[in-house]
J.: 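Got a structure for you, written out below as structure tokens; questions coming shortly.
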Amino acid sequence: MTQLRRTGLSLTTRLVLLGLAAWLPALAVIGYLESELRTAREAEVLEAARRQTQRATSELDRFLEGTRMMLTAVSTARGVRRFDEGNCSTFLAEVSENLVSIRSMMVIGADRSLHCQTRRTGEIEAIDPQFLSEVVAGPGFRIGRFTRFGPEPYDAGLPVALSVRLQSGETVGVVATVEIRHLVELASRWTLAQEGALTLADADGVILARSPYPERFIGTRVPEAFQHWVRATEIGVERARSQDGTVRIIAYKPAALAPAGLYLSTGIAEESAFAAIDAARRQGIAIILASAVLTLLGGLWAGRSFVRQPVASLLALAEAWRLGRRGEVSDMPSGDEFGAIAESLDRMGAELGRREEHAVQSEARLRRTILAAPHPFMLHAEDGTVLAVSDSWIAQSGLPRSALTSSLEWLRDHVRREGPDDPVQSPFGQTAVVSGMEREVVTAGGETRIWDFSIVPLEPLADGRSLCLTTAVDVTDRYRAAEQQSLLLRELDHRVKNTLANVQAIASQTFRSTPDPEAFRQKFSERLGALARTHDMLTRGQWRGVSLAGMVASELAHVPNPERIAVRGEDCTLPAGMAVPLGLILHELTTNAVKYGALSQSDGRLFVGWSAPVHAGEGRSMQLDWVESGGPVVEPPVRSGFGSRLIAQLSRSLGAGESRFEPGGVVFRLRIDLPDGTDAAESVPL
């Protein structure tokens, strides 16, 4: 109700507006007349500005035509045509002394060399070389660019030149520099309107003369906003604010039009041109305002007397219903219309009270339901206001309720966005239920979890804000289990293929080195058994690694008289990829020791030991020693069998191996290179 009182129109205001509306026809007539007068005056001002510029252009054209004729006369002098430097310089000096508009004169040859000049020296260096080149390139009259010869404002000039072709065929140029001061004086004599302005500039937009304030603008460039006037191809008229701050109607002649090479613009002050019309407008507005004030006072008196008192009573009644204090109001409005409104307000207030009580109860039930939800639930408005959030949301996100100040900020900071229009982070753009949106969520502790979000749009709040329910289910464990299952399936496929390849290689190599079928069967079975024992250990370790001590114990478990064997070394876990090659090496060493080495005799001894992993270079390494003693005399074999080749090849896949045949038994040393944090799961070809 308070908001309606601030923004609505009261009955008193309506009465006042009704009275003021009677003046609308008069306002329309006055506005129409002023528009017509201003349109007609604008046409007059535009035409006046155009004629003013045309007159100034004609005056400038006459001055330049006189200058051209003077240069033509100079070019016919005998001293100039014969390149008699002495007579030529004297002649040019005499001519320039009688011309107040000319600063200096000179004659140049086809190679731009100076033949003669007036007494002023050094000015040819200040003139644009490109202009001098154009002068001697062919016959004709040319206008150059603004040229400064000194620091003073008027110590400058405008070069003009006439090219003349001699009977010898050579082209010479007669160059004269027009005094900038003379151009300023010439511009000041041209007729301008009151508070008018004139600007004369060269083809580059550098100002040569200006009226008024010439000293402020000579040698400066026409502002970039007006440079298109200089470069235009036809005469134009525009409204603009001049460099001196005055708004004028400006007519301009581009530098491309005759006289070519000079830009000229004149302007008429808009304030002076429309002064009479503005005065008439102000007078009309004053009359209208006076009438409006009288109408306003009459409307206020009528509204205060007949409207405000009963309306105030109605407002007091509505406010009492809003505050729940209807019983405190006894002064009811009188009159048929206002009395009917008061009775309607009473009925509406009672009904709204019942609805509000029902809404409060429904909201309380919804909040309790969301609070006790077993999964993350959040009820929030489109401005980020969190109306209710479940305990599960707070517990799983790790953030306290006090930190959940804005739902939109929480979703932006803790949920990984999927594209620019992600429904999870832009839930209020949805018109239907959206579900099945798995997103990465970063908890307060920095852990990344996977939540399956759903968005449920709800009816807007009473204040018009959109409302939605965002729900989620933590599917991290299910997601990781699926990934682990997929990984295990791929790993199983890889291991089966590797195992079959190893079995095939063992069978092939054993068959080549053992032609006797019975011996082949025995050796192949033993090697296949060693491979099976290694796979059993890998399976028990879920293929994440294998115990080195367990592998050594497994291979030596079937050796008779185990008291002859000494094993030393702190147990460690090797990557799964090293289990097969190391298991086969231990099997071959054990088989050789039992059949031919130290373990084939009762007093033979075997020592197996390994060092703890140490850092070496970019990774880690450890050393395993197999030392036999007390056995038969050992001599290096003349020919390497499959077992020896297998040990050598597998040793290279693990690091480096070295076998020595000592008199008391075989000594084998193996360096195992351990990758940092990786599982070298690739199989080793046999």
J.: Take Ile249 and Val237 through the side-chain contact (heavy atoms from CB on, under 4.5 Å) test and state the conclusion after the steps.
T.: CA-CA 7 Å; Ile249 306 299; Val237 182; 3.9 Å; yes
J.: For Arg465, look at atom CZ and say whether over 12 heavy atoms of other residues, nucleotides or ligands are found less than 6.0 Å away.
T.: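 Counting other residues, nucleotides and ligands, CZ of Arg465 exceeds 12 neighbours.
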J.: Going by heavy atoms in the side chains, are Met437 and Pro423 under 4.5 Å from each other?
T.: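 Yes, close enough: below the 4.5 Å cut-off.
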J.: Would you mind reporting whether Arg103 and Asp155 have side-chain heavy atoms less than 4.5 Å apart?
T.: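 Of all side-chain heavy-atom pairs linking Arg103 with Asp155, at least one is under 4.5 Å.
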J.: With rounding to the nearest 0.5 angstrom, report the SG to CE distance, Cys88 to Met106.
T.: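 Atom-to-atom, Cys88:SG and Met106:CE are 11.0 Å apart.
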J.: Taking atom types as modelled, find out whether Arg112 and Ser133 have a side-chain donor-acceptor pair closer than 3.5 angstrom.
T.: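 There is such a pair between these side chains.
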J.: Quick one: do the His380 and Thr470 side chains pair a donor with an acceptor below 3.5 Å?
T.: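 On atom types as modelled, these side chains qualify, holding a pair under 3.5 Å.
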J.: Where is the tightest heavy-atom contact between Leu198 and Ala56, given as atom of each residue plus distance?
T.: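 Looking at all heavy atoms of both residues, the shortest contact is CD1-CB, 4.0 Å.
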J.: For the atom pair CE (Met378) and OG (Ser397), what is the distance rounded to the nearest 0.5 Å?
T.: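 Here the interatomic distance stands at 9.5 Å.
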J.: Could you walk me through whether Val424 and Glu418 satisfy the side-chain contact (heavy atoms from CB on, under 4.5 Å) test, starting with their C-alpha distance in whole Å, then the side-chain angles of each, then the deciding distance to 0.1 Å, before giving a yes or no?
T.: CA-CA 9 Å; Val424 175; Glu418 294 288 339; over 6 Å; no
J.: What pair of heavy atoms forms the shortest contact from Trp190 to Leu264, and how long is it?
T.: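 Taking every non-hydrogen atom into account, CZ3-CD1, 4.3 Å.
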J.: Under 4.0 Å between a side-chain nitrogen and a carboxylate oxygen: does that hold for Asp422 and Arg439?
T.: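 The answer is yes: the pair qualifies as a salt bridge.
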J.: Can you list the residues that meet the side chain to side chain contact (heavy atoms under 4.5 Å, CB included) rule with Ala73, with sequence neighbours excluded?
T.: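 Checked Ala73 against side chain to side chain contact (heavy atoms under 4.5 Å, CB included); zero matches.
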J.: Does any part of the side chain of Val160, heavy atoms only, come nearer than 4.5 Å to the side chain of Phe141, both counted from C-beta?
T.: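 Yes; the side chains approach each other to less than 4.5 Å.
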J.: Which pair of heavy atoms, one from Ala161 and one from Phe131, lies closest together, and at what distance?
T.: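 Looks like CB-CZ, 3.8 Å.
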J.: Just by distance, do the side chain of Gln227 and the backbone of Val222 share a donor-acceptor pair under 3.5 Å?
T.: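 Looks like yes, one N/O pair under 3.5 Å.
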J.: Using a 4.5 Å cut-off on heavy atoms from C-beta on, say whether the side chain of Ser265 contacts that of Thr199.
T.: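 Side chain of Thr199 against side chain of Ser265, heavy atoms only: contact under 4.5 Å found.
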J.: Could you grab the distance from atom CG of Leu162 to atom CG of Leu71, nearest 0.5 Å is fine?
T.: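 It comes to 5.5 Å.
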J.: CG/Leu132 to CZ/Arg142 distance, rounded to the nearest 0.5 angstrom?
T.: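 The distance works out to 11.5 Å.
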J.: List the residues meeting salt bridge (Lys or Arg N to Asp or Glu O under 4.0 Å) with Arg51, not counting sequence neighbours, and say none if there are none.
T.: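 Listed in chain order: Glu47.
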J.: A quick test of your reading: do over 12 heavy atoms of other residues, nucleotides or ligands sit less than 6.0 Å from CD of Glu459?
T.: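 Result for CD/Glu459: open.
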J.: Report the distance from atom CG of Leu408 to atom OG of Ser426, rounding to the nearest 0.5 Å.
T.: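 Interatomic distance, Leu408 CG to Ser426 OG, rounded to 0.5 Å: 8.5 Å.
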J.: Say whether, by atom type as modelled, one donor and one acceptor occur between the side chain of Thr147 and the main chain of Arg145 under 3.5 angstrom.
T.: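 Side chain of Thr147 to backbone of Arg145, a donor-acceptor pair under 3.5 Å: yes, one is there.
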J.: Indicate whether the side chain of Thr53 and that of Thr266 have a donor and an acceptor atom separated by less than 3.5 Å.
T.: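 Thr53 vs Thr266: donor-acceptor pair found between side chains.
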J.: What are the two closest heavy atoms between Thr177 and Phe149, and how far apart are they?
T.: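 Taking every non-hydrogen atom into account, CG2-CE1, 3.7 Å.
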J.: Donor-acceptor check, side chain of Lys253 to backbone of Gly236, threshold 3.5 angstrom: yes or no?
T.: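 Side chain of Lys253 to backbone of Gly236, a donor-acceptor pair under 3.5 Å: no, none is there.
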J.: Would you please name every residue forming a side chain to side chain contact (heavy atoms under 4.5 Å, CB included) with Thr220, sequence neighbours left out?
T.: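 With neighbours one apart ignored, the set is Ile207, Phe217.
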J.: Taking side chain to side chain contact (heavy atoms under 4.5 Å, CB included) as the test, write out the residues that go with Asp61, two or more places apart.
T.: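 Applying side chain to side chain contact (heavy atoms under 4.5 Å, CB included) to Asp61 gives Pro259.
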J.: If we only count heavy atoms from C-beta on, is the Ile268 to Arg248 side-chain gap below 4.5 Å?
T.: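 Sidechains of Arg248 and Ile268: no contact.
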J.: Look only at the side chain of Arg221 and the backbone of Pro223, and say whether a donor-acceptor pair between them is shorter than 3.5 Å.
T.: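 A pair under 3.5 Å: no.
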J.: Taking ring-ring contact (aromatic ring centres under 6.0 Å, His included) as the test, write out the residues that go with Phe453, two or more places apart.
T.: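 Counting only residues at least two positions away or on another chain, Phe453 forms a ring-ring contact (aromatic ring centres under 6.0 Å, His included) with Trp451.
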J.: Between His182 and Tyr154, is the ring pair (Phe, Tyr, Trp, His ring centres under 6.0 Å) condition met? List the steps.
T.: CA-CA 9 Å; His182 182 76; Tyr154 289 108; over 10 Å; no
J.: Tell me whether Glu179 contacts the main-chain N or O of Ile102 through its side chain, where contact means a donor paired with an acceptor under 3.5 Å.
T.: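 No: the side chain of Glu179 does not pair with the backbone of Ile102.
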J.: Between Arg412 and Gln425, is any side-chain donor less than 3.5 angstrom from a side-chain acceptor?
T.: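 Judged by distance alone, the side chains do not pair up.
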J.: Could you pull out all residues at least two apart from Ser113 that satisfy side chain to side chain contact (heavy atoms under 4.5 Å, CB included)?
T.: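 Only Asp111, His115 meet the side chain to side chain contact (heavy atoms under 4.5 Å, CB included) criterion with Ser113.
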J.: Please tell me if the side chains of Val415 and Glu440 come closer than 4.5 Å, counting only heavy atoms from C-beta onward.
T.: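 A side-chain contact is absent here, since even the closest heavy-atom pair is not under 4.5 Å.
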J.: Hey, is Arg68 close enough to Glu65 for a salt bridge, meaning N to O under 4.0 Å?
T.: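 Yes, this pair counts.
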J.: Are Trp229 and Glu238 side-chain neighbours, meaning at least one heavy-atom pair lies under 4.5 Å?
T.: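 With C-beta onward as the side chain, the pair touches.
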J.: What's the shortest heavy-atom distance between Leu208 and Ile218, and which atoms?
T.: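 Taking every non-hydrogen atom into account, O-CG1, 3.9 Å.
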J.: Under a 3.5 Å distance rule, please check whether Ser96 uses its side chain to pair with a backbone N or O of Ala93 as donor and acceptor.
T.: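 Yes: the side chain of Ser96 pairs with the backbone of Ala93.
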J.: Side-chain contact test, heavy atoms from C-beta onward, threshold under 4.5 Å: evaluate it for Arg416 versus Val442 and give yes or no.
T.: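 They are not in contact (no side-chain heavy atoms under 4.5 Å apart), so the answer is no.
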J.: Show the nearest heavy-atom pair for residues Ile108 and Val175, with the distance to one decimal.
T.: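 Distance-wise, the nearest heavy atoms are CD1-CG2, 4.3 Å.
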